[in-house]
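Computed from heavy atoms alone, side chains included, the values below leave out hydrogens, waters and symmetry copies. Order of the sequence lines sets the chain letters (A, B, ...), proteins ahead of strands, with each chain counted from 1.
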Number of protein chains: 2
Amino acid sequence: MSTASAVSTSSTARTTGPGLATASVRDLPPATVGRLPVYLRALQVLADQGVVTTSSRALAAIAGVGSAQLRKDLSYLGSHGTKGVGYDVAHLCRQVTVVLGLTSRRRVVIIGVGHLGHALANYTGFVGPDFAVVGLVDADPAVVGTTVAGLRVDPAERLEDVVAGTGATIAVIATPPEVAQEVCDRAVAAGVSGVLCFAPRALRVPDDVDLRTVDLGSELQILAFHDRRKQGVRELGAPEPGVQQRGVEAQGMTRRGVLAP
Amino acid sequence: MSTASAVSTSSTARTTGPGLATASVRDLPPATVGRLPVYLRALQVLADQGVVTTSSRALAAIAGVGSAQLRKDLSYLGSHGTKGVGYDVAHLCRQVTVVLGLTSRRRVVIIGVGHLGHALANYTGFVGPDFAVVGLVDADPAVVGTTVAGLRVDPAERLEDVVAGTGATIAVIATPPEVAQEVCDRAVAAGVSGVLCFAPRALRVPDDVDLRTVDLGSELQILAFHDRRKQGVRELGAPEPGVQQRGVEAQGMTRRGVLAP
DNA sequence: TAGATTGTTAATCGATTAACAATC
DNA sequence: TAGATTGTTAATCGATTAACAATC
């Protein structure tokens with residue numbers, strides 16, 4: 001139960017010394033950072049079930065990754081397991097939470113309150129307990145002034161005021177692609193440090209701003225690519241044997257049969 | 001303007017011979033496949049502007065990648081450029097369209113018509129002209145029977161009928177995580193070949209089914225990770241000089257100043 | 001002690017980047 | 001011809017995986 005070994009956020013550490021390495025957290029491989037939320041959710045599932053201790057194998061199965069990858073990822077956070085025993089669920093949960101910076105609530109402004117922005121504002125799976133939507137802005141006069149998810153929608157001109165006034169550090173862009181770069185620039189100038197963009201447009205941000213893009217249309221197109229391949233194969237009537245196991249250790253790999261004819 | 005050199009979808013090709021290589025399209029690196037939609041959009045932007053010919057440098061700038069990467073990616077599709085000249089926009093556009101399998105409209109079923117599913121059904125940036133939402137199902141009796149995006153919402157029990165009846169090949173899962181695996185299994189058994197999952201849960205699918213997961217909550221958490229790092233730095237008052245150019249060649253890299261104090 | 005499981009090493013794999021010969 | 005730009009090679013980089021010594 002000791003929080004003593006928690007990685008200190010604002011410690012002096014720069015050494016990659018022997019003990020706990022805050023420095024290493026700064027150098028976490030991007031691929032590892034991307035999986036930490038998945039691990040956190042898997043840990044929360046176990047915690048909810050009252051599980052106290054788990055193994056890399058069991059946790060990895062829930063997270064949908066290989067156990068070697070899980071151990072490697074966690075090793076970047078320091079040594080939080082016990083050889084021969086496994087990981088303490090509550091302890092590891094705390095570690096990952098701290099590393100992800102989920103100790104204080106981040107404030108989020110959503111720019112563009114169309115169908116998608118509207119849904120994001122209301123979607124608890126999106127914001128969860130770690131984030132608070134503190135502002136909504138839109139350019140459409142018909143939308144401005146309405147209440148969405150308990151918040152009054154502000155006009156697009158007030159974007160800077162909303163960001164600065166709320167102290168939001170994250171901007172979610174759900175505008176049409178034509179204006180995405182402009183509102184992004186303005187949000188950054190007003191002080192956000194991270195941008196999550198849903199507009200299908202490549203954005204440019206300064207190097208000290210973090211940008212992530214979720215491109216829903218692209219996701220479908222990528223599925224179409226594979227769909228076409230399979231249909232091509234079906235047309236040719238080829239056998240297609242290659243059964244490549246994904247990096248997941250079979251645990252309860254039951255059910256799934258082959259496609260019905 | 002000749003469509004003669006277009007890669008034939010259902011050709012016999014299996015050779016990696018000298019000419020056009022349909023075979024190679026089957027072996028496209030996943031990272032390349034993931035960027036093709038971005039290139040396609042960049043090409044459409046140019047086409048809309050009436051641009052006839054472009055260079056890897058100009059196209060890459062629009063797409064937000066490096067020109068070397070663009071050329072390498074395109075080289076997997078075969079040789080479609082002209083040395084010393086560049087690429088024919090219309091021709092390349094067609095090539096990428098064909099490779100992505102966007103020659104026929106894919107049918108999509110959305111499972112779960114909450115805020116997110118509702119937004120996806122209505123979001124044209126999501127479906128675009130290449131996809132058609134042909135079915136909606138939900139477990140909530142209050143939602144079943146309502147009309148969303150011009151479609152009647154069917155009850156969850158009818159999932160199999162809807163998939164089979166419409167011939168949908170792609171399922172979009174926008175349900176709560178608890179039921180995501182179940183509806184996924186059922187959609188796959190009913191015949192879909194690709195699944196796009198928005199539920200924050202690791203799903204298991206057979207090897208011949210393509211799964212992509214969009215985890216909106218994780219995206220925010222990843223931003224929080226970087227946000228925390230920066231705030232830690234700000235607290236320490238460190239200078240943080242490292243200006244790492246992203247793999248984008250400066251072209252019109254204007255505007256963006258530094259954060260206001 | 002014997003069995004289990006971590007943390008880490010080393011090997012492998014895939015993706016990115018820079019450079020340049022080929023060639024329009 | 002001189003200049004421009006592709007397609008490709010080779011080098012680099014990062015991520016994944018398997019294996020195992022350390023150790024509970």
Side-chain angles (χ1 to χ4, degrees), chain A residues 5 16 18-21 24 27-36 38-39 43 46 51-61 63-89 91-92 95 244-251, chain B residues 5 16 18-21 24 27-36 38-39 43 46 51-61 63-89 91-92 95 244-251:
Chain A
S5 57
T16 320
L20 295 173
S24 76
D27 299 326
L28 232 43
T32 296
V33 175
R35 283 185 294 265
L36 289 183
V38 177
Y39 300 155
L43 285 163
L46 289 174
V51 175
V52 174
T53 301
T54 190
S55 67
S56 62
R57 192 166 191 282
L59 187 57
V65 301
S67 66
Q69 181 159 84
L70 178 94
R71 287 198 302 278
K72 184 140 237 311
D73 283 336
L74 292 182
S75 74
Y76 291 115
L77 313 188
S79 185
H80 295 294
T82 307
K83 292 180 181 183
V85 178
Y87 301 91
D88 180 87
V89 172
H91 172 76
L92 191 54
Q95 294 309 315
Q244 67 206 110
Q245 262 283 39
R246 283 170 74 253
V248 177
E249 274 134 275
Q251 169 158 284
Chain B
S5 58
T16 319
L20 296 174
S24 75
D27 298 327
L28 234 41
T32 296
V33 175
R35 283 186 294 266
L36 289 184
V38 177
Y39 300 155
L43 286 164
L46 288 175
V51 176
V52 174
T53 301
T54 189
S55 68
S56 62
R57 192 165 189 281
L59 187 57
V65 301
S67 65
Q69 181 159 86
L70 177 93
R71 285 198 303 278
K72 184 141 236 314
D73 283 336
L74 292 183
S75 75
Y76 291 116
L77 313 188
S79 184
H80 295 295
T82 307
K83 292 182 181 182
V85 178
Y87 300 92
D88 180 87
V89 172
H91 172 75
L92 191 54
Q95 294 308 313
Q244 66 205 111
Q245 262 282 41
R246 283 170 73 253
V248 178
E249 274 133 274
Q251 169 158 283

Might you list the N or O atoms of the protein lying below 3.5 Å from N or O atoms in nucleotides 12-15 of chain D, with each pair's distance?
none

Contact list (N/O, under 3.5 angstrom) for nucleotides 7-11 of chain D vs protein:
unit_1	atom_1	unit_2	atom_2	d
dG7(D)	OP1	Ser79(B)	OG	2.8
dG7(D)	OP1	His80(B)	N	3.2
dG7(D)	OP1	Gly81(B)	N	2.8
dG7(D)	OP1	Gly81(B)	O	3.3
dG7(D)	OP2	Tyr87(B)	OH	2.8
dG7(D)	N7	Arg71(B)	NE	3.1
dG7(D)	O6	Arg71(B)	NE	3.3
dG7(D)	O6	Arg71(B)	NH2	3.2

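By the salt bridge (Lys or Arg N to Asp or Glu O under 4.0 Å) test, Arg35(B) is found to be paired with Asp73(B), residues two or more places apart in sequence or in another chain being considered. For Val85(A), the side-chain contact (heavy atoms from CB on, under 4.5 Å) partners two or more places apart in sequence, or in a different chain, are Thr53(A), Thr82(A). Evaluation of the side-chain contact (heavy atoms from CB on, under 4.5 Å) rule for Thr54(B) yields Leu46(B), Ala58(B), Leu59(B), Tyr87(B), Val89(B) as partners, not counting sequence neighbours. Pro29(B) meets the side-chain contact (heavy atoms from CB on, under 4.5 Å) test with Thr32(B), Tyr76(B); sequence neighbours excluded.
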Dot-bracket notation for DNA chain C, counting Watson-Crick and G-U pairs under 3.5 Å, with | for partners on another strand | ..||||||||||||||||||||||

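Rounding to the nearest 0.5 angstrom, the gap separating the OH atom in Tyr39(B) from the CG atom in Leu74(B) is 6.5 Å. Note that the NZ atom of Lys72(B) and the OG atom of Ser56(B) stand 14.0 Å from one another [nearest 0.5 Å].
Residue Leu92(A) contributes atom CG, which lies 11 Å from atom P of dT6(C) at whole-angstrom precision. Between the CZ atom of Arg57(A) and the P atom of dG3(C) there is a distance of 18 Å, given to the nearest Å. At whole-Å resolution of the value, CG in Leu59(B) and C1' in dT6(D) are 13 Å apart.
Residues Asp88(A) and His91(A) share a closest heavy-atom pair of OD2-N, 2.8 Å.
Between Ser55(A) and dT5(C) there is no side-chain polar atom (N or O) within less than 4.0 angstrom of OP1 or OP2.
The residue among Val85(A) and Thr54(B) whose nearest nucleotide of DNA chain D lies closer to the 5′ end is Thr54(B).
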